[in-house]
Colleague: 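I am attaching a structure below and will ask some questions about it afterwards.
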Amino acid sequence: MPDTLYFCKVKTIICCSGILICLFACVGNKKFAQLDSNPHPLYIHHMESMLSVDINSDDSATALWAKGFMAQLEPGYRAYKPNLRVIKRLEKYKNRIEVKVIGGNWCSDTRREIPRLCKVLAYMGMPETKLSYYRVNRDKKSVQNDFANQYAFSFVPTIVIYLDGKAAGKIVEVTRLSMEKDMLQILEK
């Protein structure tokens with residue numbers, strides 16, 4: 001009889017734990033669903049404001065590349081589905097990191113990776129103002145005298161992640177695992 005009572009208690013605890021886990025997952029997923037339902041995500045707006053200088057450029061190639069990149073931003077952002085377990089682990093860094101990107105509006109890798117980066121940062125809850133984008137031309141020369149002019153890089157995009165004001169690591173050209181997993185590896189090393 002005591003064994004039966006013991007197993008009933010264990011079974012009840014396991015069931016209650018499962019229900020709590022499901023509830024927490026639903027609440028977390030609701031937050032991400034709300035982010036995804038936003039008709040014009042803040043990160044997309046932020047990137048568009050950084051690209052607006054190029055879109056209004058007198059150089060037709062620069063304007064064309066910027067328009068092409070802008071056209072791919074939101075669809076790439078919406079299509080990317082980050083691993084939510086990894087996002088949960090990244091959330092603790094949201095107020096401690098800053099991200100600087102050196103990219104080319106003409107570059108297919110930049111056009112693919114930056115919308116994914118924006119999605120991960122948005123899901124983490126990092127303020128969009130902590131993301132900077134520095135443009136380079138096809139010769140990989142800085143468009144302005146800025147971070148891209150001072151930082152040694154060979155490939156774009158180069159995504160430099162700062163933790164507590166110090167460079168923690170970078171993602172160069174393509175991710176190895178996924179945007180969120182690569183970021184987590186950099187932040188946890």
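All values below were derived from every heavy atom in this structure, side-chain atoms included, with hydrogens, water molecules and symmetry-related copies excluded.
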Colleague: Take the angle between the ring planes of F147 and Y134 and call it parallel below 30°, perpendicular above 60°, tilted in between.
Modeller: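 Plane angle between 30° and 60°, so tilted.
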
Colleague: Might you point out which heavy atoms bring M179 and L117 nearest each other, and give the distance in Å?
Modeller: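 So the two residues come closest at CG-CA, 3.8 Å.
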
Colleague: Would you say D146 and S142 are linked by a side-chain donor-acceptor pair, where the criterion is simply a distance under 3.5 Å?
Modeller: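 The answer is yes; a qualifying pair exists.
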
Colleague: Assess whether side chain to side chain contact (heavy atoms under 4.5 Å, CB included) is satisfied between R135 and V53, documenting all intermediate values.
Modeller: CA-CA 10 Å; R135 298 158 333 279; V53 172; 4.1 Å; yes

Colleague: Considering non-hydrogen atoms only, spot the tightest contact between L177 and D182 and give its length.
Modeller: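 Closest approach of L177 to D182, heavy atoms only: N-OD1, 3.0 Å.
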
Colleague: How far apart are the C-alpha atoms of N105 and T110, what are their side-chain angles, what is the distance that settles it, and do they pass the side chain to side chain contact (heavy atoms under 4.5 Å, CB included) test?
Modeller: CA-CA 7 Å; N105 298 342; T110 299; 5.7 Å; no

Colleague: Would R176 and Q185 count as having a side-chain donor-acceptor pair, cut-off 3.5 Å?
Modeller: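 The criterion, which ignores hydrogens and geometry beyond distance, is satisfied for Q185 and R176.
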
Colleague: Just checking K81: does its NZ atom have more than 12 heavy atoms from other residues, nucleotides or ligands closer to it than 6.0 angstrom?
Modeller: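 More than 12 heavy atoms, drawn from other residues, nucleotides or ligands, come within 6.0 Å of this atom.
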
Colleague: Taking NZ, NE, NH1 and NH2 as the nitrogens, is one of them in E188 or R89 under 4.0 Å from a carboxylate oxygen of the other?
Modeller: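 R89 and E188: salt-bridged.
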
Colleague: Do S154 and E173 make a side-chain contact, defined as non-hydrogen atoms from C-beta onward lying under 4.5 Å apart?
Modeller: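 No - every pair of side-chain heavy atoms lies 4.5 Å or more apart.
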
Colleague: Cut-off 3.5 Å, side chains only: do E180 and Y80 have a donor facing an acceptor?
Modeller: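 The answer is yes; a qualifying pair exists.
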
Colleague: Quick one: does K88's side chain get under 4.5 Å of Y123's, heavy atoms only?
Modeller: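 No; the side chains remain at least 4.5 Å from each other.
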
Colleague: Might you work through the side chain to side chain contact (heavy atoms under 4.5 Å, CB included) test for M183 and I159, ending with a clear yes or no?
Modeller: CA-CA 10 Å; M183 285 181 66; I159 302 166; over 6 Å; no

Colleague: Quick check: does any side chain N or O of K119 sit under 3.5 Å from a backbone N or O of Y77, one acting as donor and the other as acceptor?
Modeller: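 Yes; at least one donor-acceptor contact below 3.5 Å.
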
Colleague: Can you hop from V120 to L84 via hydrophobic side chains spaced under 4.5 Å?
Modeller: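 The answer is yes; both residues are in one hydrophobic cluster.
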
Colleague: Rounded to the nearest 0.5 Å, what's the gap from CZ on R111 to SG on C107? Could you check?
Modeller: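 Spacing of CZ (R111) from SG (C107) equals 9.0 Å.
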
Colleague: Taking a hydrophobic cluster as the set of Ile, Leu, Val, Met, Phe, Trp and Tyr residues connected by side-chain heavy atoms closer than 4.5 Å, whether directly or through intermediates, do V172 and F153 fall within one such cluster?
Modeller: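 No, V172 does not connect to F153 through the hydrophobic network.
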
Colleague: Less than 4.5 Å apart, side chain to side chain, heavy atoms only: is that true for K141 and V136?
Modeller: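 A side-chain contact is absent here, since even the closest heavy-atom pair is not under 4.5 Å.
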
Colleague: Under the side chain to side chain contact (heavy atoms under 4.5 Å, CB included) criterion, do Y43 and L73 qualify, and how do the steps go?
Modeller: CA-CA 10 Å; Y43 269 93; L73 274 171; over 6 Å; no

Colleague: Quick one: SG on C118 to CD on E74, what's the gap to the nearest 0.5 Å?
Modeller: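 Result: 11.0 Å between the selected atoms.
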
Colleague: In terms of hydrophobic clusters joined by side-chain contacts under 4.5 Å, are V86 and L163 together?
Modeller: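 In one cluster with V86: L163, yes.
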
Colleague: With the side chain counted from C-beta on, respond yes when P41 and I44 share a heavy-atom pair under 4.5 Å apart, and no when they do not.
Modeller: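 A side-chain contact exists here, since the closest heavy-atom pair is under 4.5 Å.
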
Colleague: Supply the atom-to-atom distance M126 CE to R96 CZ, rounded to the nearest 0.5 angstrom.
Modeller: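 Going from CE on M126 over to CZ on R96, the span is 13.5 Å.
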
Colleague: To the nearest 0.5 Å, tell me how far L90 CG sits from R85 CZ.
Modeller: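 So the CG of L90 and the CZ of R85 are separated by 14.5 Å.
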
Colleague: Is V156 close to W106 at the side-chain level, that is, under 4.5 Å between some pair of heavy atoms?
Modeller: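 SC-SC contact between W106 and V156 confirmed.
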
Colleague: Would you say that P157 contacts D109 through its side chain, given a criterion of any heavy-atom pair below 4.5 Å between the two side chains?
Modeller: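 Counting from C-beta outward, P157 and D109 do come under 4.5 Å.
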
Colleague: L131 pairs by side-chain contact (heavy atoms from CB on, under 4.5 Å) with which of I114, I97, V99?
Modeller: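 Among I114, I97, V99, the one meeting side-chain contact (heavy atoms from CB on, under 4.5 Å) with L131 is V99.
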
Colleague: For residues V101 and W65: do they belong to one hydrophobic cluster (side chain heavy atoms under 4.5 Å, members Ile, Leu, Val, Met, Phe, Trp, Tyr)?
Modeller: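 No.
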
Colleague: Just so I know, are the side chains of M47 and F69 near enough to count as touching, which here means a heavy-atom distance under 4.5 Å?
Modeller: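 Touching, per the 4.5 Å side-chain cut-off.
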
Colleague: Measure the CD1-CG distance between I161 and L184 for me, rounded to the nearest 0.5 Å.
Modeller: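 The CD1 atom of I161 sits 10.0 Å away from the CG atom of L184.
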
Colleague: Compare every heavy atom of K100 with every heavy atom of Y162, then report the nearest pair and how far apart it is.
Modeller: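 Scanning both residues completely, I find the closest heavy atoms to be CE1-CD, 3.8 Å.
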
Colleague: Within this structure, what is the CG-CD1 distance for the pair L121 and I87, rounded to the nearest 0.5 Å?
Modeller: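 Separation between the atoms: 8.5 Å.
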
Colleague: Any non-hydrogen side-chain atom of Y151 less than 4.5 Å from a side-chain atom of K170?
Modeller: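 In contact.
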
Colleague: Can you see which heavy atom on I55 is nearest to which on A63, and at what distance?
Modeller: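 Looking at all heavy atoms of both residues, the closest pair is O-CB, 3.5 Å.
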
Colleague: Would you name the heavy atoms of M70 and L51 that are closest together and state the gap between them?
Modeller: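 Answer, listing the atom of M70 first, then L51: CE-CB, 4.0 Å.
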
Colleague: Grab the two heavy atoms, one from G125 and one from K94, that are nearest each other, plus how far apart they are.
Modeller: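 Smallest interatomic distance, heavy atoms only, reads O-CD, 3.8 Å.
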
